[in-house]
Amino acid sequence: MANYIRCRGTLDIYDKQALIVNKIIEICKRVSNRFGYNYIQTPVFEQTELFTRSSGETSDIVTKEMYTFLDKGNRSITLRPEGTAGVIRAVVENKLYANRDLPLKYYYDGSFFRYERPQAGRYREFMQFGVEVIGTSSILDDVETILLIADILKELDLNDYIIKINSFGNEECMRKFRDKIKNYLISFKDELCDDCKNRLQVNPLRVLDCKVDHDFFLNKDIPTAYSCLDDKCKEDFIKVQELLKNENIPFVVDNRLVRGLDYYTGLIFEVEIKDKEGRPYTVGGGGHYSNLVKQLSGPDYACVGFGLGINRLSLLLEEKENQIITKNKSIYIMPLCDDAYLKALAIAKMLRNEDNVVVVENAKKSVSSMFRYASKNEFDFAIVLGEDELKQEKVNIKNLKTTNQDLVSYDNIVNTIRG
Ligand code: ATP
Ligand code: MG
């Protein structure tokens, strides 16, 4: 018989990791709701062209990382590599701006797919949580998305993070920067990796993001995007920094920062957190983008958004003793005779109404195997309900952590569990 194993770069998530992942998503959603965002869900696959247009023909995602296939109708389909394109497509297709004032604020979560070389924190199917603010050119909205991330990280108890920021300014500034970078890099052409030799021609800014040539650039005096900003864009970038400072957000200006997708203009940022060994993980990134809605046949709206990598956040939380998984009390009910079953159900209902985790033993088992089950599954309490207890209209509650035992009337069960 064949043995089935999961595909390279995919994950099975269960037990502690599952609790953490669920908690991360719950916190991301709760905090975003507080900021006035609404949930949006878009398809896991889209027409390939959506991504080639939006991410940029020359981006790593499009050239190397997409899961693209022909469906049975011979249409080219791609599993979404990122969230923004799908959300903007949905906003334009459904004219979500028709009945509402701008900006629109949406959040999403789900699986994303990139054909990458798998390693710690890098998978072929991974989870992201993201938000998009559609129809804003205010830098206050840019800042607010960073404040939203800060609130999420605070609730996750991940406080040692740094936000790296940079700004490309408007399209004119960006064009200037692109030319300047190209002129600068051309003299090192032969020392760059093969990918970058090509990038230098088609999209020079991408060279700065190259993971192969990264070290080569460390000591070089590369022109900065800031040096190409016009007065207004400089002023905006400084204002952003003032606001972040005022809100006590830990940030640095990173002149080397570029993002992997073509659509960003203006402020861009990444969130970095180090693991126990001091290895930095980029847990999220985002920025301002002003051309995408138009490019996808919508109105001329500028936007800002970010994506957080749930799996990388989960890795960092797993290695910490953390308080974010607050488990409700768990109770195992042991009906020892046929007559006890209905009473067991009534008690279970009462305790579940109080948000406890309650499992009723439905199989006929010996008392000792029931207790074995309770201890292996780490229940907090066992409630024993045998003939004696039924007669007395009471139950026996055993605290499995302290091994204290109490004979308790039905009315007192909830209070005894609460402690
Ligand atoms: P990187 O530089 O690490 O490749 P990226 O710029 O490609 O990141 P984004 O497109 O900004 O990543 O995605 C946002 C976040 O999603 C990343 O910061 C990261 O936390 C997460 N992410 C991206 N790709 C993967 C992947 N293959 N596996 C797990 N998480 C990922
Ligand atoms: Mg990448």
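Just follow the structure's listing: the first ligand is 1, and inside any ligand the first atom is 1. Worth knowing before you read on, the calculation uses all heavy atoms, side chains too, and leaves out hydrogens, waters and symmetry mates.
The contact shell of ligand 1, taken as protein residues with any non-hydrogen atom closer than 4.0 angstrom, comprises R114, E116, G121, R122, Y123, F126, Q128, K211, R259, T282, V283, G284, G307, G309, R312.
Under a cut-off of 6.0 angstrom, the local environment of NZ in K376 is sparse, with at most 12 non-hydrogen atoms contributed by other residues, nucleotides or ligands. Residue N362 places its CG atom among more than 12 non-hydrogen atoms of other residues, nucleotides or ligands, all under 6.0 Å distant.
When ring centroids are compared, Y332 and Y373 come within the 6.0 Å threshold. Aromatic ring centres of Y301 and Y97 lie closer together than 6.0 Å.
A cation-pi arrangement is found for K220 relative to F188, the charged atom lying closer than 6.0 Å to the ring centre and inside a 45° cone about the ring normal.
Annotation: side chain of I417 is in contact with side chain of L351 (closest heavy-atom distance under 4.5 Å).
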